[in-house]
Amino acid sequence: MENFKGKRVVVTGGSDGIGKALVEQFLDAGAYVATCGRSADKLYQLQVKHSNKFLHTMVVDVRREEDCRRFIGSAINDFGGIDILVNNAGVSMRALVRDTELDTLRTVMDVNFWGTVYCTKSALEGIIQSKGVIVGVSSIAGYRGLPGRSGYSASKFAVNGWLEALRTELLSSGVHVMWVCPGFTRSNIRNAALDKEGKAQGESPLEEGKLMSAEVCAAHIVRAIGQRKRTLVMTFQGNETVWMNKLLPGLADRLVHRFFFNKGKLVK
């Protein structure tokens, strides 16, 4: 693992899945870590588990600008600054466009895109001062629209585009902006994915045991941050999808349709 000892790291959505694994790996590397989530109980359990380390937690809904501003401000006050911001908080969805209520799309966009914007804007001056790193946890869905995940795809396309613009603006500042794209990862994100009415699905359509673990995924992300990579697409399938969508978009349409549908029914 890269040397993060003494680094001041903020990870949003750190009470579950990839976010929790990121928090724990940064703590193990000697970093000062601030994280947030919506579950006070899960954050408390995280605090108890790491009571001998530098961990700051706060209950936050990243859809609310004021929550994000308070969280980032409290982290900076506690640690004296910020070196790394990982925008990890996110929500998925699974429903066809024709069935999806508009409020569901708004919720996904508010969490994934606006949550990233609010936290990054709040942290930006501090990160410019430290010549730090801004990270977006994106998805293959940010490169290729996926059926049943229209709002999720839209939000991740928006995150990628916004961070790319920011990266270019800050090119001579010493600040590094990057985004990382996990493949399907073993976590709670599919169980918590929203249905057409914006309610949690409570189940996963995938064989979770065959997926990359959150811990392995987090290790890839931490390594990429240490190396200041521009982007990271983690799986062979993910890279294949990105490149096929660029070079053979018509074929990509058919293959993606075949992967997600069976006899006209969305199955993944």
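Predicted, not measured: the structure shown is a model, and the values here were computed from it. When a residue number appears, it is its place in the shown sequence, counting from 1.
- Using a distance-only test at 3.5 Å, with no hydrogens or angles considered, no donor-acceptor pair links the side chain of T104 to the main chain of T100.
- Residues R228 and G174 approach most closely at NH1-O, 3.2 Å, considering heavy atoms.
- Contact detail for A141 and L146: the closest heavy-atom pair is CB-CD1, 3.8 Å.
- Here OG of S155 is found 9.5 Å from CE of M93. Values are rounded to the nearest 0.5 Å.
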In sequence, state the C-alpha distance, the side-chain angles, and the governing distance for M58 and S74, and then conclude on side-chain contact (heavy atoms from CB on, under 4.5 Å).
CA-CA 9 Å; M58 180 179 286; S74 68; 3.3 Å; yes

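- Hydrophobic clustering, with ILVMFWY side chains joined whenever heavy atoms are under 4.5 angstrom apart, keeps V9 apart from L43.
- In this structure, I18 and P182 approach most closely via the heavy-atom pair CD1-CG, 4.1 Å.
- Residues Q25 and L27 are not in side-chain contact: their nearest non-hydrogen atoms beyond the backbone lie 4.5 Å or more apart.
- Remark: T57 engages Q47 in a side-chain hydrogen bond (donor to acceptor under 3.5 Å, both in side chains) (not counting sequence neighbours).
- Between R94 and D195 there is no salt bridge, since no side-chain nitrogen of the basic residue lies less than 4.0 Å from a carboxylate oxygen of the acidic one.
- Cluster annotation: V59 is not connected to Y118 through the hydrophobic network of ILVMFWY side chains, with a link wherever side-chain heavy atoms come within less than 4.5 Å.
- Under the 4.5 Å side-chain heavy-atom criterion for Ile, Leu, Val, Met, Phe, Trp and Tyr, V117 and L105 are members of the same hydrophobic cluster.
- Between the CZ atom in F260 and the CG atom in L255 there is a gap of 12.0 Å [rounded to 0.5 Å].
- Under the rule for a salt bridge (charged side-chain N to carboxylate O under 4.0 Å, His left out), E240 has no partner lying at least two apart in sequence or in another chain.
- The closest side-chain donor-acceptor pair between N160 and S138 falls under 3.5 angstrom.
- Of the possible polar contacts, none joining the K7 side chain to the G30 backbone as a donor-acceptor pair under 3.5 Å is found.
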Between K263 and K265, is a side-chain contact (heavy atoms from CB on, under 4.5 Å) present by the stated rule, with each step listed?
CA-CA 6 Å; K263 296 180 180 178; K265 182 180 178 181; 5.7 Å; no

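- Of the charged side-chain nitrogens involved, at least one lies within less than 4.0 Å of a carboxylate oxygen, so that E197 and K199 count as a salt-bridged pair.
- Between the CG atom in D67 and the CG atom in D61 there is a gap of 6.0 Å [rounded to 0.5 Å].
- In the displayed structure, Y44 atom OH is contacted under 6.0 Å by at most 12 heavy atoms of other residues, nucleotides or ligands.
- Placement of M109 and V60 within a single hydrophobic cluster is found when ILVMFWY residues are connected by side-chain heavy-atom separations under 4.5 Å, directly or transitively.
- The side-chain hydrogen bond (donor to acceptor under 3.5 Å, both in side chains) search around R106 returns D103, not counting sequence neighbours.
- Scanning for ring-ring contact (aromatic ring centres under 6.0 Å, His included) contacts around F71 gives an empty result, with sequence neighbours left out.
- Using modelled atom types, one side-chain atom of N88 and one backbone atom of G13 make a donor-acceptor pair closer than 3.5 Å.
- Remark: E65 pairs with R69 by the salt bridge (charged side-chain N to carboxylate O under 4.0 Å, His left out) rule, at least two apart or across chains.
- Linking Ile, Leu, Val, Met, Phe, Trp and Tyr whenever their side-chain heavy atoms come within less than 4.5 Å leaves L163 and F157 in two separate clusters.
- For Y143, there are no ring-ring contact (aromatic ring centres under 6.0 Å, His included) partners two or more places apart in sequence or in a different chain.
- Taking all atoms of both residues into account, the shortest heavy-atom contact from T12 to C119 is CG2-SG, 3.8 Å.
- Contact check for F26 versus I225: side-chain heavy atoms found under the 4.5 Å cut-off.
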Derivation and outcome, side-chain contact (heavy atoms from CB on, under 4.5 Å), residues K131 and S173
CA-CA 7 Å; K131 299 186 186 302; S173 69; over 6 Å; no

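- With sequence neighbours left out, Q237 forms a side-chain hydrogen bond (donor to acceptor under 3.5 Å, both in side chains) with no residue at all.
- The closest side-chain heavy-atom distance from N112 to Y152 is below 4.5 Å.
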Could you go step by step and tell me if L55 and K49 meet the side-chain contact (heavy atoms from CB on, under 4.5 Å) rule?
CA-CA 10 Å; L55 176 61; K49 183 178 179 181; over 6 Å; no

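- Among pairs with a residue in residues 251-260, those fulfilling side chain to side chain donor-acceptor pair (under 3.5 Å) read R144-D253, at least two apart in sequence or across chains.
- Shown here for K229 and L232, the closest heavy-atom pair between the two residues is NZ-CD1, 4.4 Å.
- Listed here is the closest heavy atom pair of A34 and A75: CB-CB, 3.6 Å.
- Remark: H176 pairs with no residue by the side-chain hydrogen bond (donor to acceptor under 3.5 Å, both in side chains) rule, at least two apart or across chains.
- Contact annotation: the side chain of L46 approaches that of E24 to within less than 4.5 Å [non-hydrogen atoms, C-beta and beyond].
- At a threshold of 4.5 Å between non-hydrogen side-chain atoms, the residues C181 and M234 do not count as touching.
- Proximity of S130 to R8: side-chain heavy atoms (C-beta onward) are separated by under 4.5 Å at one or more points.
- Proximity of L85 to V133: side-chain heavy atoms (C-beta onward) are nowhere separated by under 4.5 Å.
- A distance-only check finds no donor-acceptor pair linking the side chain of D99 to the backbone of A95 [under 3.5 Å].
- In this structure, D28 pairs ionically with K53, as a charged nitrogen and a carboxylate oxygen lie closer than 4.0 Å.
- How far CD of Q45 is from NE2 of H50: 11.5 Å, rounded to the nearest 0.5 Å.
- Between the OG1 atom of T107 and the CG atom of L102 there is a distance of 11.0 Å, given to the nearest 0.5 Å.
- Interatomic distance, K42 NZ to T35 OG1, rounded to the nearest 0.5 Å: 12.5 Å.
- K196 is linked by a salt bridge (charged side-chain N to carboxylate O under 4.0 Å, His left out) to nothing, counting only residues two or more places apart in sequence or in another chain.
- Looking at residues two or more places apart in sequence or on another chain, you find a ring-ring contact (aromatic ring centres under 6.0 Å, His included) between F79 and Y32.
- Counting only heavy atoms from C-beta outward, the side chains of I134 and N87 approach each other to under 4.5 Å.
- Pairs passing the salt bridge (charged side-chain N to carboxylate O under 4.0 Å, His left out) check and including a residue from residues 162-179, sequence neighbours excluded, read E164-R230.
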